[in-house]
Amino acid sequence: MSLTVAAMPTGAAQARPGGAGDHFFFAGAGNTSGVASEQFWFGDPGDQVYVGDCARNGRDDVMVRHAPAPPPASGFGDGLHRMGAGIAPGAYRSSAVGGFCYWERLSGFGGTLDDIIANGIGSPEIVTLEAGDAGFDSRGCGTWQPLGATYPPSPQTVFGEGTFQVGTHIAPSTYRADGVADSCYWERLSNFSREWIDGVIANEIGSTMVTIAPTDAGFSSFECGTWTRVG
């Protein structure tokens, strides 16, 4: 059959496509040799292309089956998890539990410091897991839920310690904490990769006042008490 087939992310189709649902076929020009006289673009890389008598009319057609969409991210509990086996890439937030919560993003399972991409202590916490991570480990953190499933009905203007997404969990503004300044640590964040200082816009220890900008991705604090909007 004289036909060129390519998967393109534009979703555009040319030259008399047909079919329904996730099955599509192309009624060719009837050529059997020579240079392709028609081109067909549809779908995404990863779609499967079949050539055969799809319409049962004695003529070969081209059918494209769309690759299934990846399953939506779901929650998971404490323990050691391997990426792709029980957890998927994405941003997650741990449940607010008392006591000690420790987590690690891992590049491998050798048990060495070099295997730790990022780690932290705090609750509730927000962490973005990347597709290239080997796994994730947490202890005492409760349940990790996809970030979007943890939004309150409206952004809060009074909140405690932990990590929050700006604009959804908390409102951008100026806040004062009621804790002891000497023990208060906070961070304004540009992302939730938590890879050491990457993603930290600004941080401070010994201050109980901060202005959180609308462009900040998140805010995290430890031993600061309760933050209340003052401006």
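The ring pair (Phe, Tyr, Trp, His ring centres under 6.0 Å) test with Phe136 singles out one residue from Tyr92, Tyr102, Trp144, and that residue is Trp144.
Here Thr128 pairs with nothing under the side chain to side chain donor-acceptor pair (under 3.5 Å) rule; sequence neighbours left out. Applying the salt bridge (charged side-chain N to carboxylate O under 4.0 Å, His left out) test to Asp78 and every residue at least two apart in sequence or in another chain returns nothing. Gln165 meets the side chain to side chain donor-acceptor pair (under 3.5 Å) test with Tyr151, Thr168; sequence neighbours excluded. For Arg93, there are no side chain to side chain donor-acceptor pair (under 3.5 Å) partners two or more places apart in sequence or in a different chain. Applying the side-chain contact (heavy atoms from CB on, under 4.5 Å) criterion to Ser207, with sequence neighbours excluded, gives Trp186, Glu204. For Glu187, the salt bridge (charged side-chain N to carboxylate O under 4.0 Å, His left out) partners at least two apart in sequence or on another chain are Arg194. Remark: Arg139 engages Asp137 in a salt bridge (charged side-chain N to carboxylate O under 4.0 Å, His left out) (not counting sequence neighbours). By the side chain to side chain donor-acceptor pair (under 3.5 Å) test, Glu195 is found to be paired with Arg105, residues two or more places apart in sequence or in another chain being considered.
By the rule that hydrophobic residues join a cluster once side-chain heavy atoms approach within less than 4.5 Å of another member, Leu189 and Val210 end up as members of separate clusters. Ile205 and Ile201 are members of different hydrophobic clusters when ILVMFWY side chains are connected at heavy-atom separations under 4.5 Å.
Members clustered with Val230: Met209, by chain and number, using a 4.5 Å side-chain heavy-atom cutoff among hydrophobic residues.
Here the CZ-NE2 distance, from Phe159 to His169, works out to 11.5 Å after rounding to the nearest 0.5 Å. Distance check, rounded to the nearest 0.5 Å: CG of Asn191 to CD1 of Ile126 gives 11.5 Å. Atoms CG and CZ, from Leu129 and Phe76 in turn, are 5.5 Å apart once rounded to the nearest 0.5 Å.
Contact between Ser138 and Gly77 at its shortest, heavy atoms only, is OG-O, 4.3 Å. When all heavy atoms of Gln145 and Thr150 are compared, the closest pair comes out as CB-CG2, 3.8 Å. Heavy-atom minimum distance, Pro146 versus Gly75: CD-N, 3.9 Å. Closest non-hydrogen pair, Ser193 versus Ala118, comes out as O-CB, 3.8 Å. Between Ala88 and Met83, the shortest heavy-atom contact is C-SD, 3.8 Å. When all heavy atoms of Pro155 and Gly167 are compared, the closest pair comes out as CG-O, 3.4 Å.
The main-chain N or O of Ser95 is found under 3.5 Å from a side-chain atom of Ser123 such that the two form a donor-acceptor pair.
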Acceptor/donor pairs from residues 106-117 side chains to any protein atom, 3.5 angstrom cut, sequence neighbours excluded:
residue: Ser107; atom: OG; partner: Asp115; partner atom: O; Å: 3.3
residue: Thr112; atom: OG1; partner: Asp114; partner atom: N; Å: 3.4
residue: Thr112; atom: OG1; partner: Asp115; partner atom: OD2; Å: 3.3
residue: Asp115; atom: OD2; partner: Gly110; partner atom: N; Å: 2.9
residue: Asp115; atom: OD2; partner: Gly111; partner atom: N; Å: 3.0
residue: Asp115; atom: OD2; partner: Thr112; partner atom: N; Å: 3.2

Side-chain donor-acceptor distances from residues 219-229 under 3.5 Å, at least two apart:
residue: Ser220; atom: OG; partner: Thr163; partner atom: OG1; Å: 2.9
residue: Ser221; atom: OG; partner: Trp227; partner atom: NE1; Å: 3.0

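Within the structure, salt bridge (charged side-chain N to carboxylate O under 4.0 Å, His left out) pairs that include any residue of residues 169-183 do not occur (at least two apart or interchain).
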Run the side-chain contact (heavy atoms from CB on, under 4.5 Å) test on Thr157 and Tyr175 for me, step by step, so that the C-alpha distance in whole Å, both residues' side-chain angles and the decisive distance to 0.1 Å come before the verdict.
CA-CA 8 Å; Thr157 55; Tyr175 291 85; 4.2 Å; yes
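No side-chain heavy atom of Glu125 sits under 4.5 Å from any side-chain heavy atom of Phe192.
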